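Remember, predicted model here, so these are calculated numbers, not experimental data.
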2 protein chains.
Amino acid sequence: MPDQARPGTGEQAKQHALERLRQAILRGDMAPAQRLVENELAEQLGVTRASVRGALFELEAEGLVERIRNRGSRVRVVTVEEAVAITECRMVLEGLCAAKAAESATDDQLAELTGLGEAMAKAVADGEPVTYSELNHQLHTRIRQFSGQRTAVELLEKLNAQLVRHRFRLALRPGRPQQSLGEHLAMVETITARDPQAAEEAARAHLTSVIAALRE
Amino acid sequence: MPDQARPGTGEQAKQHALERLRQAILRGDMAPAQRLVENELAEQLGVTRASVRGALFELEAEGLVERIRNRGSRVRVVTVEEAVAITECRMVLEGLCAAKAAESATDDQLAELTGLGEAMAKAVADGEPVTYSELNHQLHTRIRQFSGQRTAVELLEKLNAQLVRHRFRLALRPGRPQQSLGEHLAMVETITARDPQAAEEAARAHLTSVIAALRE
DNA sequence: GAGAACAATATTGTTGACAATGTAGTCCGT
DNA sequence: ACGGACTACATTGTCAACAATATTGTTCTC
């Protein structure tokens, strides 16, 4: 396995650089608006500049970095206003996914959703916001997957990536898990009841609540 | 202005190649699933292979071409099923835009929408499907712009680009303009009435009709 | 004659060097 | 001392050559 150890040069250099950079940005290792110099990153990651360059283009398409011609790249900072606009898009798209999931998920999948809902309730009861946030993310992901809407899933993943910083902020807000738990359970219930319209309503209600919380 | 004349070499080679290739694909100059060889394109466009390569990566991110590692690029063919999934995403996103436009458009902008509606009615009465299709596209574009939802606009432009071929197919279908005219006018009316909820309803109803038509 | 291994070709992936561009610091004139 | 132009540096954009990989045509064996 010459991959995990030192994939530095030759093989899929660009993919490697892309993954490393994306992780670094998503984990917040890089200060917001920090300048990204291609040469520095190349040396740091042990790949050539061309690979870094390609990765940066890809990240620009994903909305994670900003590029100005002949001026360089920075990690993109998402203002609260933008976060709201993005979440409004999420609202309608997740509504669509919830409705489709209610129609076309298998019984096994519905059981998994119910299980996730119970786990979330337990996490709130035990006062574990980190676990809750994990489960939250997982629930949304599963619902999307069960909808079978590949296009919507792609769009949502891209949108979500841009929101990591704000998501973090929300998760640690005291009282927030208690409020969102009910909304999440409503989503699970309506989907398992195979009621598309109610599921869409529930998803939109939840995201509306997220928007309100984003605005503080 | 050394740009319009012969941008072939040196300056913004990649941007130039990108634009040319995108236009070529959108205009249907390239057969579906046609193989895109980097060298050929480079010579054809008068730029280097690296520029073509960069442009192809960008087009992949936009969903217009498909790339397989070490195997090359093809113009992506969108199956009817995919077109339906994409249009479902359009449905909810345009619903959002219509609602926002109803809230935040200026009176001047509303007047422009009314004008477009009248022009569309005239085009149908005169039996000019091409003009109608143009106006159709323009109406949707304007509504998006007036919504002020930059994120949604970007997503929609990307989605629409993938549908050009199917859009064409629909526009030339006899009887289709007559059916969609009413739906479009309903959108204009509800938006100018500044009724967000009704506007969203109208937009979704229209796109639902488009989905039905796509399925033949 | 059919199938499989092999070699030749075509195409993409990668690299290092070079050119273009923007930025900042400095020098000169007033 | 202050403003403007000019030079030097840093950084990105572009290019042409090289290496890796998949495909196709050929030959050899059964």
For the pair [X] and [Y], find out whether any cationic side-chain nitrogen is under 4.0 Å from an anionic carboxylate oxygen.
| X | Y | answer |
| --- | --- | --- |
| A/Arg204 | B/Glu200 | yes |
| B/Asp107 | B/Arg194 | yes |
| B/Lys100 | A/Glu88 | yes |
| B/Lys14 | B/Glu19 | no |

Exercise. Could you tell me whether the side chains of B/Tyr132 and B/His184 share a donor-acceptor contact shorter than 3.5 Å?
Key: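 There is such a pair (donor and acceptor under 3.5 Å, judged by atom type) between the side chains of B/Tyr132 and B/His184.
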In whole Å, what is the span from the [atom1] atom of [X] to the [atom2] atom of [N]?
| X | N | atom1 | atom2 | answer |
| --- | --- | --- | --- | --- |
| A/Glu38 | C/dT15 | CD | P | 14 Å |
| A/Asn39 | D/dC9 | CG | P | 17 Å |
| A/Leu41 | D/dT11 | CG | P | 11 Å |
| A/Leu56 | D/dT11 | CG | P | 14 Å |
| A/Arg74 | D/dT12 | CZ | P | 11 Å |
| A/Arg53 | C/dC18 | CZ | C1' | 14 Å |
| A/Arg67 | C/dT21 | CZ | P | 16 Å |
| A/Arg49 | C/dT15 | CZ | P | 13 Å |

Close N/O contacts between protein and nucleotides 21-23 of chain D (under 3.5 Å):
residue: D/dT23; atom: OP1; partner: B/Arg71; partner atom: NE; Å: 2.7
residue: D/dT23; atom: OP1; partner: B/Arg71; partner atom: NH1; Å: 2.8
residue: D/dT23; atom: OP1; partner: B/Arg71; partner atom: NH2; Å: 3.3

Exercise. State whether A/Thr48 places a side-chain N or O below 4.0 Å from either non-bridging phosphate oxygen (OP1 or OP2) of C/dT15.
Key: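 A/Thr48 to C/dT15 OP1/OP2: side-chain N or O found under 4.0 Å.
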Quiz item: Just to confirm, is there a sub-4.0 Å distance from OP1 or OP2 of C/dT15 to any side-chain nitrogen or oxygen of A/Ser51?
Solution: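 Yes, because at least one side-chain N or O of A/Ser51 sits under 4.0 Å from OP1 or OP2 of C/dT15.
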Quiz item: Among pairs that include at least one residue of residues 110-119 of chain A, which meet side chain to side chain donor-acceptor pair (under 3.5 Å), considering only residues two or more places apart or in two chains?
Solution: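 Those involving residues 110-119 of chain A are A/Glu112-A/Arg142.
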Quiz item: Tell me the salt bridge (charged side-chain N to carboxylate O under 4.0 Å, His left out) pairs involving residues 156-167 of chain B, sequence neighbours left out?
Solution: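 Only B/Arg144-B/Glu157 qualify under salt bridge (charged side-chain N to carboxylate O under 4.0 Å, His left out).
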Quiz item: Under 4.0 angstrom, heavy atoms only, what part of the nucleic acid is B/Leu36 near: base, sugar-phosphate, or nothing?
Solution: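 If one applies the 4.0 Å heavy-atom cut-off, B/Leu36 turns out to touch the sugar-phosphate alone, with no base involved.
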